[in-house]
2 protein chains.
Amino acid sequence: MTLLKNPVFQQLRKSGALSAEEEKRLLELEEKPRRVDACETLWHENDRVDAFCVLKQGWAYSFRTLDSGAKQILKLYLPGDIIGMRDFGFSRRLAGVEMIDEGVVCPFSHQQFFEVVDYSATLASGIVAIAVRQQAMLTERLVYVGRHTAQQRLAHFLYELYLRLSRIDAVKDNTFSLPLSQEQMGDALGLSSVHVSRTFTMLRDEGLVLRDRQRVQLPDPAALACMAEFSDAYLDESIPSPFLDLHVIRSRAQLRHA
Amino acid sequence: MTLLKNPVFQQLRKSGALSAEEEKRLLELEEKPRRVDACETLWHENDRVDAFCVLKQGWAYSFRTLDSGAKQILKLYLPGDIIGMRDFGFSRRLAGVEMIDEGVVCPFSHQQFFEVVDYSATLASGIVAIAVRQQAMLTERLVYVGRHTAQQRLAHFLYELYLRLSRIDAVKDNTFSLPLSQEQMGDALGLSSVHVSRTFTMLRDEGLVLRDRQRVQLPDPAALACMAEFSDAYLDESIPSPFLDLHVIRSRAQLRHA
DNA sequence: AAAACTCTATAACTTATGTTATGAATTTTT
DNA sequence: AAAAATTCATAACATAAGTTATAGAGTTTT
């Protein structure tokens with residue numbers, strides 16, 4: 001997975017909004033791949049912000065630790081996601097990030113990012129759009145953690161994952177791998193691990209979710225989405241047309257500079 | 001309140017990172033002020049995304065409406081905030097936005113934003129940093145809605161407001177105006193209005209919050225922050241040093257282009 | 001292969017918060 | 001100024017989710 005394969009950049013590319021040089025610059029952010037182990041910490045809460053990462057392989061999550069020792073998992077990162085944009089413009093990390101399984105990340109520095117932004121407004125806007133989309137998932141979780149039952153929360157969580165994984169071809173026969181313990185899912189959804197277990201049992205009894213260890217199957221994804229009151233607008237991948245005209249604006253601006 | 005007065009741009013300015021032309025460009029985003037009434041809708045969920053707004057005067061909030069008719073309030077906007085960056089890169093609004101009291105907004109278009117980004121990486125980064133800071137508040141609310149008691153949630157909400165209002169000089173004698181009904185606070189915190197009322201009573205009994213209609217007084221803000229387990233990192237206004245060197249990177253890049 | 005862990009399911013019990021209802025206090029409309 | 005509509009406080013009751021405990025199933029270590 002590269003950034004260039006992200007649907008946002010795919011659309012820009014197809015519409016001819018990306019020059020060869022821009023594609024090259026974007027790929028330069030992924031120049032320094034690094035293997036990371038399962039459970040490895042990428043950074044801690046409160047560390048100095050020095051780098052962002054493209055996640056090439058593996059799963060990761062960001063989290064906050066509370067005084068009580070409880071964890072709140074903020075965001076699950078899948079291959080192709082950018083990790084750490086949440087901290088852009090802050091001196092210190094607002095959240096820790098850990099790998100779930102082993103994988104590969106490509107760190108890039110503040111300065112590299114600035115250079116890309118400075119070189120191309122199109123690349124800058126594309127990266128911001130990707131970051132905004134990631135935040136949108138978090139916003140959506142606030143809605144359902146605040147207002148929905150445990151069943152709906154878990155159903156929503158599983159269905160969102162199902163959609164995200166589908167897009168990177170990680171779903172076969174409505175089945176995917178979910179390398180999270182029930183405790184971790186509880187930490188993401190604001191539920192106790194016991195209640196996550198109870199809720200899985202209920203979802204199984206209703207025929208909505210079959211699970212065997214890390215294998216999860218959704219026999220009727222539509223029914224699951226419906227009971228979770230899932231609204232997929234926030235996962236919409238299509239970018240608005242003004243975006244595609246960016247390079248036009250850009251050329252006009254260059255004319256003006258000249 | 002102008003964008004230029006936002007702490008992010010104030011810092012850039014003081015460190016000499018903003019040219020006169022850049023300041024001018026930034027102010028051009030605020031060229032079309034419009035009076036808006038109390039309770040006026042700025043846009044609905046699912047509207048086409050056409051503009052963003054600088055909120056000059058008054059309070060606003062963004063929200064999602066659920067199938068059940070319940071509302072989840074996502075974010076409170078105070079003067080100096082940018083409204084709508086959450087939807088950047090999406091075709092449709094993910095949330096509605098309404099004014100709370102009357103005020104003034106300055107809408108600017110996608111295209112105007114692109115032109116600013118294209119003109120200056122410094123301005124682009126500054127605006128992104130402001131948007132990231134706003135999202136950070138939302139992320140923080142996920143943490144306490146997911147993991148904290150009603151008392152802590154309300155305490156956190158009030159203390160965060162107290163800090164944000166302090167920065168725009170809207171707090172006198174630890175007292176500020178809060179033009180939200182208890183039902184609306186419930187909608188923000190994922191609580192019923194009845195329980196918000198109960199919780200206010202508890203906070204009063206503990207001497208942490210005095211309230212008379214829209215006047216709210218925090219006799220001991222530090223104690224309130226403590227009981228809410230408030231961590232103020234996410235409201236930190238200082239931007240990291242690579243930011244301040246942006247114009248240096250920029251000039252280097254221009255040299256390379258030449 | 002046994003031992004030690006970790007994860008999961010389920011039960012019993014507790015508690016925080018939701019729901020419904022009522023009356024008083026404010027605010028808005030007529 | 002009266003009437004109508006909100007908003008707020010409080011009570012009584014209902015319930016979803018938390019907590020603690022136990023045992024089995026899987027996994028890892030020895």
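Every chain is numbered from 1, with letters handed out A, B, ... down the list of sequences.
Listed pair A:Ser193 / C:dC7 fails the phosphate criterion, with no side-chain N or O lying under 4.0 Å from OP1 or OP2. Applying the 4.0 Å criterion to OP1 and OP2 of C:dA9, one finds that A:Ser197 has a side-chain N or O inside that range. OP1 and OP2 of C:dA9 both lie 4.0 Å or more from every side-chain N or O belonging to A:Arg213. Within the 4.0 Å cut-off from OP1 or OP2 of C:dA9, at least one side-chain nitrogen or oxygen of A:Arg211 is found. Contact check, A:Ser181 against C:dT6: no side-chain N or O comes under 4.0 Å of OP1 or OP2.
Using a 4.0 Å heavy-atom cutoff across all strands shown, A:Gly186 reaches no nucleic acid atom at all.
Spacing between atom CZ of B:Arg198 and atom P of C:dG18 amounts to 8 Å, rounded to whole angstrom units. Rounded to whole angstrom, the span from the OH atom of A:Tyr144 across to the P atom of D:dA17 amounts to 15 Å. Taking atom CG of B:Leu191 as the reference point, atom C1' of D:dA16 lies 14 Å away to the nearest angstrom. In this structure, the CD atom of A:Glu183 is 10 Å from the C1' atom of C:dT6, given to the nearest Å. For B:Arg147 and C:dA16, the CZ to P distance is 16 Å, given to the nearest whole Å. In this entry the distance linking CZ of A:Arg153 with C1' of D:dA17 reads 9 Å, nearest Å. Remark: P of C:dT17 and NE2 of B:His148 are 12 Å apart, rounded to the nearest angstrom. Atoms CD (B:Gln182) and P (D:dC8) sit 4 Å apart, rounded to a whole Å.
At least one side-chain heavy atom of A:Gln182 sits under 4.5 Å from a side-chain heavy atom of A:Arg211. Side-chain atoms of A:Arg164 and A:Asp81, non-hydrogen and from C-beta on, do get closer than 4.5 Å to each other.
Relative orientation of the A:Tyr234 and A:Phe230 rings is tilted, given thresholds of 30° and 60° on the angle between their planes. Note on ring orientation: taking the six-membered ring where Trp is involved, the planes of A:His148 and A:Tyr144 are parallel (angle under 30°, cut-offs 30° and 60°).
Comparing A:Asp212 and B:Met185 by the nucleotide of DNA chain D whose heavy atom lies nearest to each, the residue mapping closer to the 5' end is B:Met185.
For the pairing with A:Leu203, the side-chain contact (heavy atoms from CB on, under 4.5 Å) check across A:Val209, A:Leu210, A:Leu218 returns one residue only, A:Val209.
Taking every side-chain heavy atom of B:Val194 into account, D:dA11 is the closest of C:dG18, D:dA17, D:dA11.
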